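Worksheet: the structure to be examined is printed underneath.
All figures in this text were calculated on a predicted structure; none of them were measured in a lab. The figures that follow rest on heavy atoms only: side chains count, while hydrogens, waters and symmetry mates do not.
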Amino acid sequence: MYNLIKISLKPLLILSLFAGLLFSQYSQAQRIKDLASIQGIRDNQLVGYGLVVGLPGTGEQSPFTEQSFRTMLNNFGITIPSSVKPKIKNVAAVAVSATLPPFLKPGQTIDVTVSSIGSAGSLNGGTLLQTFLKGADGKVYAIAQGSLIVGGFGIQGQDGSQVLVNTPTVGRIPNGALIEREVETSLSHGDYLTFNLHRPDFTTAKRMADVINQLVGPNSATAVDATSVEVIAPRDIGQRVSYISTLENLEFKPADAPAKVIVNSRTGTIVIGKNVRLSPTAVTHGGLTVTIAANQQVSQPNAFADGETVVTKQTLIDVSQDDTRMFVLDTGTTLDELVRALNEIGAAPGDLMAILEALKESGSLHGELVVI
């Protein structure tokens with residue numbers, strides 16, 4: 001949610017300066033269309049298998065590519081003897097994927113993504129042949145074909161060294177698939193519409209139902225659970241479209257997100273929720289560093305001492321202690337006060353992670369600590 005602030009290896013002072021601004025923006029009312037979607041109206045995934053031809057020698061020579069190539073030629077009445085092995089380094093087997101939005105009609109187009117599934121070096125310069133795109137029910141919903149746009153390239157030397165920029169084995173075809181079948185939706189079915197919140201929350205669901213009831217009338221909308229709000233809707237499809245247009249533009253203030261602190265130890269990113277609070281706590285920051293080094297030295301006797309040359313070990317121990325500071329957090333300390341205190345001691349993101357984990361372990365941090 002927008003009431004979270006991100007610290008990614010930047011001075012914590014930035015967090016303190018922008019915390020009030022972001023929180024004030026989030027507290028404003030938002031439209032229903034930005035917080036929820038209508039049940040039954042969704043995108044659908046399509047996938048297909050095809051061949052990319054016209055590659056400048058960057059294709060592949062694999063059994064399934066050869067089989068697909070033979071099948072394609074058979075469809076055009078050309079038969080290759082089984083004893084002949086075609087050289088098809090300009091052909092690559094690919095997986096074609098696309099997303100079919102709701103309400104698109106036959107004859108409209110969608111973008112497709114083409115990805116190599118074999119050992120092809122690059123798809124740059126290739127053309128996708130006619131490929132059927134199927135849905136989860138096994139039916140064909142679109143047909144893809146066209147020239148690929150590849151954003152990467154690769155260069156390989158004779159010694160095996162190579163340079164790759166982006167991914168040359170994945171390309172896109174804008175408007176590359178023609179829709180052949182419309183996906184049915186449940187928009188015109190039943191007497192109710194169900195809005196599903198993108199982020200489940202009981203308070204947000206209740207507030208959404210209240211704002212709809214204020215406009216339409218009492219008991220027109222009911223919060224079923226933390227995700228769904230059920231609304232009475234007209235049966236006529238024309239009236240229903242106008243009805244949805246009115247409802248989705250209603251504004252209300254969603255509930256604040258739960259108090260959470262998100263820590264990403266791999267990237268040093270820390271996100272602190274607005275409602276995180278601290279109990280009375282004393283925190284000290286600093287460290288003791290002990291360095292032990294062993295050096296070998298050669299002891300050489302005088303020329304006339306009849307002694308022997310020996311190797312001796314000398315151990316050096318160095319102890320250093322950082323400037324240690326302590327600060328006290330009173331009851332109900334807010335995010336802004338916490339950030340200011342951490343700014344005063346100059347805590348880096350790594351140190352802040354350790355402090356937050358220690359506060360949570362001691363029970364002083366009131367909020368969920370999530371480490372990802």
Side-chain angles (χ1 to χ4, degrees), residues 43-158 160-183:
D43 295 338
N44 293 273
Q45 297 175 340
L46 305 179
V47 67
Y49 170 84
L51 291 176
V52 170
V53 299
L55 300 176
T58 58
E60 61 195 8
Q61 189 78 35
S62 60
F64 54 86
T65 304
E66 180 181 340
Q67 180 182 354
S68 302
F69 184 72
R70 290 177 181 272
T71 302
M72 180 194 69
L73 294 182
N74 288 334
N75 293 334
F76 291 99
I78 302 175
T79 303
I80 299 178
S82 59
S83 59
V84 177
K85 187 174 184 180
K87 297 181 179 179
I88 49 176
K89 290 187 177 181
N90 61 340
V91 179
V94 294
V96 184
S97 59
T99 299
L100 179 60
F103 306 121
L104 287 189
K105 310 301 182 182
Q108 294 185 284
T109 58
I110 55 176
D111 300 342
V112 297
T113 300
V114 182
S115 307
S116 172
I117 58 176
S119 58
S122 174
L123 298 180
N124 198 10
T127 300
L128 176 69
L129 297 182
Q130 192 177 74
T131 302
F132 298 107
L133 301 182
K134 298 181 179 181
D137 56 1
K139 297 180 180 179
V140 175
Y141 287 88
I143 299 177
Q145 183 172 278
S147 300
L148 274 70
I149 298 177
V150 180
F153 67 89
I155 301 176
Q156 185 171 0
Q158 295 181 352
S161 60
Q162 61 178 353
V163 175
L164 292 178
V165 177
N166 296 329
T167 306
T169 54
V170 177
R172 287 182 62 83
I173 307 178
N175 300 321
L178 192 66
I179 297 175
E180 299 293 338
R181 185 195 301 268
E182 181 182 357
V183 178

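Panel note: side chain N90, backbone G57; no donor-acceptor pair is recorded below 3.5 Å. Listed for the T109 side chain is no donor-acceptor partner under 3.5 Å among the backbone atoms of G107.
Taking all atoms of both residues into account, the shortest heavy-atom contact from L123 to V170 is CD1-N, 4.2 Å. Scanning both residues, A98 and L133, for their nearest heavy atoms gives CB-CD1, 4.1 Å. The minimum heavy-atom distance linking T113 with R172 is given by the pair OG1-NH1, 2.9 Å. Here the closest non-hydrogen pair linking S122 and T58 is O-OG1, 2.8 Å. Contact record, G126 with L55: CA-CD2, 3.6 Å, taken as the closest heavy-atom pair. When all heavy atoms are compared, the tightest approach of G50 to T131 is CA-OG1, 3.6 Å.
One distance of note links CD of Q108 with CG of L100; it measures 9.5 Å at 0.5 Å rounding. The OG1 atom of T71 lies 9.0 Å from the CG atom of L51; values are rounded to the nearest 0.5 Å. Rounding to the nearest 0.5 Å places CD1 of I149 at 10.5 Å from CG of N124. A distance of 7.5 Å separates CD1 in I117 from CD in E60, rounded to the nearest 0.5 Å. Rounded to the nearest 0.5 Å, atoms CG (L128) and CD1 (I173) are 4.5 Å apart. One distance of note links OG1 of T127 with CG of L148; it measures 7.5 Å at 0.5 Å rounding.
Within the structure, side chain to side chain donor-acceptor pair (under 3.5 Å) pairs that include any residue of residues 95-106 comprise K105-E182 (at least two apart or interchain).
For CD of E180, the number of neighbouring non-hydrogen atoms (other residues, nucleotides, ligands) closer than 6.0 Å is greater than 12. Counting non-hydrogen atoms of other residues, nucleotides and ligands closer than 6.0 Å to CZ of F76 gives a total of 12 or fewer. Within a 6.0 Å sphere centred on OH of Y49, other residues, nucleotides and ligands contribute more than 12 heavy atoms.
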Output side-chain donor-acceptor pairs under 3.5 Å for residues 137-144, partner residues at least two apart or in another chain, one line each.
residue, atom, partner, partner atom, Å
D137, OD1, K139, N, 3.1
D137, OD2, Y141, OH, 2.6

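Applying the salt bridge (charged side-chain N to carboxylate O under 4.0 Å, His left out) criterion to D43, with sequence neighbours excluded, gives no partner residue.
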